[in-house]
Amino acid sequence: MEALPVFVSLRSNFYERSSSRQVSGCTRLTLLFVLIFNLSRCSSALRVIGGNITEVQGETVVLPCKLIDTTETLTQISWQRMTRGKPQNDNFYTITSQNGPQFVNGRDDRFQIIGNFSDKNGSIQLSNVTLLDEGVYTCIFTLFPSGNHETKIPLNLLVPPVTSLSHNHAVLGNEEVSLATCTAAGSRPPAEVRWLTGTLAEKVRATDSSTQHSNGTTTTVSSLFGVPTKEINQHVVQCVVTNPALSKEETMSFTIQVYFSPMGVYIGEKSKDSFRCVTEANPSANFTWRR
Ligand SMILES: *[C@@H]1O[C@H](CO)[C@@H](O)[C@H](O)[C@H]1NC(C)=O
Ligand SMILES: *[C@@H]1O[C@H](CO)[C@@H](O)[C@H](O)[C@H]1NC(C)=O
Ligand SMILES: *[C@@H]1O[C@H](CO)[C@@H](O)[C@H](O)[C@H]1NC(C)=O
């Protein structure tokens with residue numbers, strides 16, 4: 001805000017001559033100084049208030065935009081966007097006092113003005129927000145006489161993962177095998193997948209992998225490995241998925257199944273004329289008596 005002395009004296013002369021019409025003198029001076037010298041005393045406090053919005057896909061968002069601290073005349077509010085769906089800067093919505101809100105390049109009823117032109121509030125609402133809407137929105141107030149004033153509003157989308165757990169039926173052995181796979185598909189940001197294995201912590205291990213999709217989502221997969229022993233059979237293990245788009249973490253449980261055939265059969269006399277046959281197997285063995 002530096003002014004050359006010559007302009008300062010110009011301004012004071014102007015004020016002296018138009019002291020009875022100070023408001024309009026002030027605005028005209030602003031035009032002169034903003035347009036030519038990019039200097040303005042009268043609108044120095046003018047501000048456009050926006051925001052930085054994060055919302056879960058499918059919800060309704062408000063893109064806030066308000067002009068404050070100006071007495072200039074508002075001629076138009078316009079909205080532009082640069083999003084995944086519209087990667088080129090796209091003029092999509094204007095609001096004027098005569099015509100109200102209007103779509104510029106095609107109608108999209110998900111947008112609705114919730115601000116008020118006469119309050120210099122250009123806030124809009126967007127319902128059923130999708131990943132394609134993610135990007136930067138620019139809200140522009142066109143004033144007379146000072147011209148355009150804008151703010152940029154980033155819109156960030158969260159997408160909850162689709163979670164699933166699949167487990168394998170392992171057969172007793174000495175080699176490590178995959179016991180279960182926990183998947184958190186298509187989330188933004190990437191989901192965190194972890195296992196609660198309790199007392200088996202030393203006997204199993206997890207490996208994680210993730211795939212990024214072109215639409216900005218990520219699929220995270222965690223596999224649980226272990227040697228299929230009788231010791232781990234029937235233990236309950238949980239997979240826990242956390243993600244900012246989920247209102248709470250998701251937990252999926254499963255019981256480790258290690259299959260083995262009967263190993264040793266014991267026959268004992270339970271009481272007189274009554275015998276008991278015992279064996280251990282998974283799944284449970286069928287018993288057939290012969291004599
Ligand atoms: C907006 O908020 C998001 C999420 O909180 C953050 O990652 C990002 O850096 C912010 N962007 C700006 C321009 O402040
Ligand atoms: C938003 O989505 C719901 C459910 O899919 C649908 O009924 C509604 O018409 C959509 N609203 C708009 C404005 O597209
Ligand atoms: C993103 O892309 C993946 C892989 O093509 C797809 O499965 C998923 O449904 C997409 N997600 C959204 C929110 O569009």
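Positions are given from 1, in the same order as the sequence printed here. We count ligands from 1, going down the list as the structure has it; atoms in each ligand are counted the same way.
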Run the numbers for me: atoms of ligand 3, each under 4.0 Å from some heavy atom of [X], listed by number.
X	result
Asn215	1 (C), 2 (O), 3 (C), 8 (C), 10 (C), 11 (N), 12 (C), 14 (O)
Thr217	1 (C)
Leu131	13 (C)

N or O pair under 3.5 Å between Gln57 and ligand 3
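N/O-N/O distance under 3.5 Å: no.
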
Run Phe103 and Tyr93 through ring pair (Phe, Tyr, Trp, His ring centres under 6.0 Å) and show every step you take.
CA-CA 5 Å; Phe103 288 101; Tyr93 203 56; 5.0 Å; yes

N or O contacts of ligand 1 with protein under 3.5 Å, please list pair by pair.
| residue | atom | partner | partner atom | Å |
| --- | --- | --- | --- | --- |
| ligand 1 | 2 (O) | Asn52 | OD1 | 3.4 |
| ligand 1 | 2 (O) | Asn52 | ND2 | 2.4 |
| ligand 1 | 11 (N) | Asn52 | ND2 | 2.9 |
| ligand 1 | 14 (O) | Asn52 | ND2 | 3.2 |

Donor-acceptor check, side chain of Thr279 to backbone of Gly264, threshold 3.5 angstrom: yes or no?
yes

What verdict does the side-chain hydrogen bond (donor to acceptor under 3.5 Å, both in side chains) test give for Glu72 and Ser146, after you've listed the backbone C-alpha separation in whole Å, the side-chain angles of each residue and the deciding distance to 0.1 Å?
CA-CA 8 Å; Glu72 289 186 52; Ser146 68; 2.8 Å; yes

Lys/Arg N to Asp/Glu carboxylate O, Lys66 vs Asp119, below 4.0 Å:
no

Listed by chain and number, what are the side chain to side chain donor-acceptor pair (under 3.5 Å) partners of Thr54, not counting sequence neighbours?
Asn156

Assess, by modelled atom type and distance only, whether the side chains of Glu250 and Thr163 contain a donor and an acceptor separated by less than 3.5 Å.
yes

Within 45° of the ring axis of Phe225 and under 6.0 Å from its six-membered ring centre, is that where the NZ or CZ of Arg205 lies?
yes

Cation-pi between Lys270 and Phe275: NZ/CZ under 6.0 Å from ring centre and within 45° of the ring axis?
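Not satisfied by the 6.0 Å and 45° rule.
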
Which is it for Phe141 and His149 under the ring pair (Phe, Tyr, Trp, His ring centres under 6.0 Å) test, yes or no, and what are the steps along the way?
CA-CA 5 Å; Phe141 285 94; His149 301 271; 8.7 Å; no

Heavy-atom contact under 4.0 Å between Arg188 and ligand 3?
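The answer is no: ligand 3 sits nowhere under 4.0 Å from a heavy atom of Arg188.
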
Against heavy atoms of Ser127, which atoms of ligand 2 measure under 4.0 Å?
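Selected atoms, number and element: 13 (C).
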
